Amino acid sequence: MLDKTFQPETIELDYYNEWEGSGIFAAKPESNNAPFTVMMPPPNVTGSLHMGHALNMTLQDILTRYARMQNKDALWQPGTDHAGIATQMVVERQLESEGKHRRDLGREGFLEKVWEWKEESGGTIVNQLRRLGATPDWDRERFTMDEGLSTAVRRVFVRLHKEGLIYRDKRLVNWDPKLHTAVSDLEVEQREVKGHMWHIRYPIEGEQERFITVATTRPETMLGDTAIAVNPEDERYKELIGKFAVLPICNRPIPIVADEYSDPEKGSGAVKITPAHDFNDFEVGKRHNLPMINIFDESACISDEAPEAYRGLDRYEARKKVLQELEELDLLVEVEDIKHSVPYDEKTKTTVIEPFLTDQWYVDAETLAKPAIEAVRSGKTEFVPKQWENTYFSWMENIQPWCISRQLWWGHRIPAWYGPDGSIFVAETEDEAMVEAKARFGDGVILRQDDDVLDTWFSSALWPFSTLGWPDETPELAKYYPGDVLITGFDIIFFWVARMMMMGIHFMDEVPFKKVYIHALVRDSKGQKMSKTKGNVINPLDLIEKYGTDALRFTLTAMAAQGRDIRLSEDRVEGYRNFATKLWNAARYCEMNECRPVVGFDPTKLDGTLNKWIVSEVVKAKQGIETALDLYKFNDAANSIYHFTWGTFCDWYLEFSKPVLNGDDAALKEETRQTTGWVLDQILTLLNPFMPFVTEKLFEEMADRGDEGRLIASQWPQYGAELVNEDAVTKIDWLMRFISEIRSVRSDMNVPAGAKIKLLVKDACAKTQEGLQEYDVILKQMARLSDIEIIDGEPPKGSIQTVVDKTMLILPIADIIDLDQERDRLRKQIGKLELDIKKISQKLEDKRFISNAPEEIIAEQKSRREEAEMIRNKLSQALKQLEAA
RNA sequence: GGGCACGUAGCUCAGUGGGAGAGCACUACGUUGACAUCGUAGGGGUCGGCAGUUCAAUCCUGCCCGUGCCCACCA
């Protein structure tokens, strides 16, 4: 017996453990079933579940469960990402609290510590995914630094290097002066801040009292200036080209060069060039063979390249000193207050990133991007919604060399070794590198491995095939690559999706997934991005605790409309918790009335119209879900099952069934019981991918299905349009309208809800008369009628009158209602109809409408007008009668 | 500066070239052996503004206003 009240938390863990233990999550590469592959975006091993995960994982879980029920061999590949910087920072902070630094432990010792941390605390998110009811194949869980995945990383690195697609280069990178590592362009957040523009004049060499003025937001960088650029077409400066300016403070002559980069419209038209500390200047410097003076050290303190007085100063202290000195020299012309953007490290949000000249490893992304662009153009991979393809293209078509080295310890160490003369040996193992080195330098050569590790995204880029065993040719790789769909947020299209496309196509000769579904961002109820600093983070686990997993999952799904962000409000979650409760209570009703699924029940062989009708409605709901899921319209799928369950099954069918079950037609009773049991079973099945827990529980309660009887392992129903009975649909549609109309009028006229009143029916056609007879008991109960009588003559004086189809419904209750109110009601109704008729008539009298509009539209308008006129006439008559009274 | 979304009921959001929808909130009434985490009924919207295309525009096009995001630049 089901408990009277529904308490989600009492069932969730038990079922989850049982499912997982049953092996149902596992992919079965040896089976002949068609594969369905989803690669889980591996969450950071340091992470804990946030709303974005909850949405992302719920959608993947729905598709996976749905595929499984359709008898596909589903592989949902789970795992976690080693998250280089994030993880290293966590452990460093831990050390810091013990008063230690990673240097104290040394590389080996530190890595040991990180692994320790990973073993102890790394599993948090994985267990939180279980709370969410996610059903990936846990037996195949991978970690990006697993043995196998690391092998794949080295193989890829070596191959790309051999192909010339990985190379070493000295360029400007975004440098984090606190972490002492290069970071990706994508990890730099441009933030608008208030600042100053300083206008500085540099004396022209060999000339008295002649200056050239430049402007900068970063005066300290002038210590590294190696030129001034002017536009070759700029008349003001033409004769200065080729001459030298004297760099103040350093007193170093720097050339005045002509370069298109300089825009005569901006500032003074002359630009100071600091090739080692500005991306544009770097390009100018290369064009003019300018020296690149690196005035910073790794911590962005002034290096030995600068005048002695500045050495060791932090960049902001150096700025102050430079300004002070310029002022003393009377070279500071103007200070402007401006707003400008400053590059911050996206992770810590506190460090200002410094363009810094270093040697790094790069991937030739431009070459790899070409086929990846083509794959989306040709539709081999499709984005849903389509508009994200623009984002993908615009980035891929302007892609920059991908800097893949990071000056960290935690990550895949770069498989490159340096010989005594600095020559490089790239190989998968040190032994292999050594073989090559010995061939060159002879025995006894000493190699030093590159200290750097790879960008975390390098290994995640391989995820779609490295997790399947590549570079070995495994059965899994053959069966599950390429994936069917990748589900992810737009924020990692560049970081991850693009890189998987490049690597997948290059190494597998095939795209890694056929569809990319980009889901919404989950915001708070005010539309703000959730962030720890804003303190508006809603923790999914709190909601699960309060309302249950099913409610949270259903909320996220129902709100996952394409192309729009989700503003999550707790009210919605509460509403869908109520939905689960509703379902629970419906099941209790079924239980009490012994409406249980019966083996061998055949929905095609039914006598009762109500039963034929509800079966038809089940089919429509099922088709609605299927169509929606095929198009990744998760919200439509959720709404389809929601409205069927609540609005059709509970609100109407169960109410219809009550008089039947209390009646004395034994055969119909039995059929109705069986049908009700069957429909509930269908609801549970169709709803299961969305709300796995409550449906599983009810499925178990409603019938004894033996050991194999888990809903999670059940089949998705096969039936279709053959179960739809249009005749029954028409009939019951009439019945519902009939009941609704009486209820509505009663309520309008303040007829006491409990009062049973008599209904007189006039102008009833044969079908209506038939319906009145067939559903006599239902009508009386649901519309609270004492009696239904068909009349021919005039209605009694002072009745309430209304119209359904062509039938007059008359409630002779002059004694309990206010007739003035009834007159008002009729006038209002008639007024509305008149307005309708007028609008339609205007159209129908418009010759252009008649000659241009399609036939069906004209016919439809005509019949609408006829119907409105008919009702208006009947109501007018009723009104006249009332007025006469 | 370039691009992409979005603007529909008090709130959160679906939707469609031909009669404006849901959930929540609100109002009234609650009866019937599943359910008050509920039921029945109801009020509420010139579908951001202005033009254009069309017989017909909330929907298509253009412009404008507002909001959010992404990218680039910033002497």
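The shown structure was predicted, so the numbers you read here are calculated from the model rather than taken from an experiment. Order of the sequence lines fixes the chain letters, A, B, ..., with proteins taken first and strands second; residue numbering starts at 1 for each chain. We use all heavy atoms of the structure for the numbers below, so side chains are in, but hydrogens, waters and symmetry mates are not.
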Looking at [options], which one has an atom nearest to any side-chain atom of [X]?
X: A:Met559; options: B:U40, B:A34, B:U12; value: B:U12
X: A:Lys582; options: B:G39, B:C70, B:C74; value: B:G39
X: A:Asn578; options: B:C38, B:A14, B:G18; value: B:C38
X: A:Lys266; options: B:U40, B:C73, B:U31; value: B:C73
X: A:Leu654; options: B:A34, B:C74, B:U32; value: B:A34
X: A:Ser341; options: B:C74, B:G23, B:U12; value: B:C74
X: A:Arg784; options: B:C4, B:U12, B:U31; value: B:U31
X: A:Phe494; options: B:C70, B:U32, B:G39; value: B:C70
X: A:Gln861; options: B:G19, B:G39, B:A34; value: B:G19

[X] side-chain N/O to [N] phosphate OP1/OP2 under 4.0 Å:
X: A:Asn585; N: B:A34; result: no
X: A:Asn280; N: B:C74; result: yes
X: A:Trp395; N: B:G2; result: no
X: A:Arg864; N: B:G19; result: yes
X: A:Tyr392; N: B:C71; result: no

Distance check needed: [N] [atom2] versus [X] [atom1], whole Å only.
X: A:Ile273; N: B:C74; atom1: CD1; atom2: P; value: 11 Å
X: A:Trp652; N: B:A34; atom1: CH2; atom2: C1'; value: 18 Å
X: A:Glu741; N: B:U40; atom1: CD; atom2: P; value: 16 Å
X: A:Gln190; N: B:A72; atom1: CD; atom2: C1'; value: 9 Å
X: A:Asp278; N: B:A72; atom1: CG; atom2: P; value: 15 Å
X: A:Phe554; N: B:U37; atom1: CZ; atom2: C1'; value: 16 Å
X: A:Leu785; N: B:U32; atom1: CG; atom2: P; value: 16 Å
X: A:Ile800; N: B:A41; atom1: CD1; atom2: P; value: 16 Å

Less than 4.0 angstrom from a charged side-chain N to a carboxylate O is my criterion; do [X] and [Y] meet it?
X: A:Arg864; Y: A:Glu867; result: no
X: A:Arg287; Y: A:Asp259; result: yes
X: A:Arg743; Y: A:Glu741; result: no

Rounded to whole angstrom, note down the [atom1] distance from [N] over to [M].
N: B:G42; M: B:G48; atom1: P; value: 27 Å
N: B:U8; M: B:C47; atom1: C1'; value: 4 Å
N: B:C24; M: B:C38; atom1: P; value: 8 Å
N: B:G43; M: B:G10; atom1: C1'; value: 12 Å
N: B:G17; M: B:A9; atom1: C1'; value: 23 Å
N: B:C59; M: B:G52; atom1: C1'; value: 15 Å
N: B:G21; M: B:U58; atom1: P; value: 15 Å
N: B:C65; M: B:G49; atom1: P; value: 15 Å

Is the A:Phe383 ring parallel, tilted or perpendicular to the A:Tyr392 ring (thresholds 30°, 60°)? tilted
State the pairing partner of B:G1; accept Watson-Crick or G-U wobble contacts with both distances under 3.5 Å, and report none otherwise. B:C71
Just checking [X]: base, sugar-phosphate only, or nothing, at a heavy-atom cut-off of under 4.0 Å?
X: A:Ser744; result: sugar-phosphate
X: A:Pro752; result: nothing
X: A:Trp198; result: nothing
X: A:Ser262; result: base

Nearest heavy-atom contact between A:Lys758 and A:Ser786 is N-OG, 3.4 Å
Side chain A:Glu655 and base B:A34 donor-acceptor under 3.5 Å: yes
Without hydrogens or angle criteria, can the side chains of A:Arg865 and A:Ser841 be said to hold a donor-acceptor pair below 3.5 Å? yes
Is the terminal nitrogen or CZ of A:Arg577 (NZ for Lys, CZ for Arg) located under 6.0 angstrom from the six-membered ring centre of A:Tyr547 and within 45° of that ring's axis? no
